[in-house]
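The structure appears right after this line, and notes come after that.
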Amino acid sequence: MPIYKTKSKKNGKQQYRVRINYTDNTGTQRQLTRIAYGAAEASDLERRLYEEIKQTPVEKKLTLRTMYDEYFDSVKSDFRETTLDKKRQMFENVILPEVGDIKLSDFDIPAAQKWKNNLSSRDYTCKTCQNYYTQFSAMLSFAVKMGYIPRNPLQALGNFRNSEFELPQEKLHYYTAEQVKKYLLAAYNTAKNGTITDWGYYVFFALAVYTGARKGEINALKWSDIDNNIIHIRRSLTQKIKGDDIETAPKNRSSYRDLQMPEPLIKILDEHRLRHKTDTRFSEDFRVCGGVTALRDTSIELRNTTYAKAAELPHIRIHDFRHTHASLLVNEGINIQEIARRLGHSNVETTWQTYAHLYPREEERAVKILNNICF
């Protein structure tokens, strides 16, 4: 029974505890308890509480944490598992611990500004803060779309702004053609004195240089993806999520691509295929670099460090081999659209913004043409 008689009295009236059990819009069991004096007053309080719960708008009940649960459930089918995992970590590790218990209707512009100020005070780069803003703002825009709030308070404030100008070339690290030769020679010399697994690391970096493919795309490659001189990029592999390796579709629609291989890479792969065929378990589903299973990300990075040191070269990240591939083509004047296609970029503008400064010869040609216009 929701009305309980207590042992207390006030001004001659009996005290009653009115307790309402209900389920909120997220399916969570809730309980509301109030005190009234007098039986008639307790019955009237019970009626008013039920009416209040019934008429309270959904947005008045939602917290930012429950809003996140609804939002995340709605976008599950829109992103790859790896992308969803990154979003989940950003919310659960940084955003929700600070604002999760705030009611959605109470998160107004001042509250949003406070959140931005607190995030700015942490030891994060501007780019990281911008990423958190983007994720949080997307959730609030979803709340607007659902009709829970009239507008997105973060959009009213705008994203974080970087006060320090960074030149494009300061962002990129890559090897020149001569450095690539030294690096691959160091990898080859290590592999020829080792096992078939050692050859796998050499093949990994050869693929990175000659195709510009992403790490997950290279790890996911199977022998069935190679057709004569064409590599078909059709899948990606991630090792960052708890549990087994997860094979997914490539990053975006443009990442589905066919890449014609240069002769040095064809030779490297033909020789490696013969090595794999000595394994009695061999099939077309063998991972090109790893075999039965993919190479480990941590081991790939350790080999990267080893090869760079052996070649007496500066260390660059695995992702920087994509920049290396692009820079090799840019410096020979290859059309930016072809570079974008080979890298699997969804927008050629992304490619241009990243690599435009690597076209020094185009500037020289432009000046030469203008020099001939004289009177």
What are the two closest non-hydrogen atoms of Arg47 and Asp44, and how far apart are they?
-> NH2-OD1, 2.8 Å
From the list Lys87, Lys86, Arg88, side chain to side chain donor-acceptor pair (under 3.5 Å) partner of Gln135 resolves to Lys87
With Met67, which of Ile149, Ile102, Leu104 fulfils side-chain contact (heavy atoms from CB on, under 4.5 Å)?
-> Leu104
Specify whether Tyr175 and Tyr183 have parallel, tilted or perpendicular ring planes, treating 30° as the upper limit for parallel and 60° as the lower limit for perpendicular.
-> tilted
Salt bridge Lys215-Asp297, side-chain N to carboxylate O under 4.0 Å | yes
Heavy-atom closest contact (Asn347 atom, Glu349 atom, distance) = OD1-N, 2.9 Å
Within-4.5 Å side-chain heavy-atom neighbours: Thr350 and Leu343 | no
How are the rings of Phe107 and Phe136 set to each other: parallel, tilted or perpendicular (split at 30° and 60°)?
-> tilted
So which heavy atom on His315 is nearest to which on Glu301, and how close?
-> NE2-OE2, 2.6 Å
Would you please test His325 and Arg322 for side chain to side chain donor-acceptor pair (under 3.5 Å) and show each step?
-> CA-CA 5 Å; His325 178 79; Arg322 276 170 64 77; over 6 Å; no
Shortest non-hydrogen pair, Ala220 vs Asp225, comes out as O-OD2, 4.1 Å
For a side-chain contact (heavy atoms from CB on, under 4.5 Å) with Tyr188, tell me which candidate from Tyr202, Tyr307, Phe205 qualifies.
-> Tyr202
Looking at residues at least two apart in the chain, or sitting in another chain, which of them share a side chain to side chain donor-acceptor pair (under 3.5 Å) with Arg214?
-> Glu217, Ser255
Do Phe72 and Phe91 make the cut of ring centroids closer than 6.0 angstrom?
-> no
Under 3.5 Å donor-acceptor, Asp270 side chain and Lys267 backbone | no
Same apolar cluster: Leu140 and Leu157, side chain cutoff 4.5 Å = no
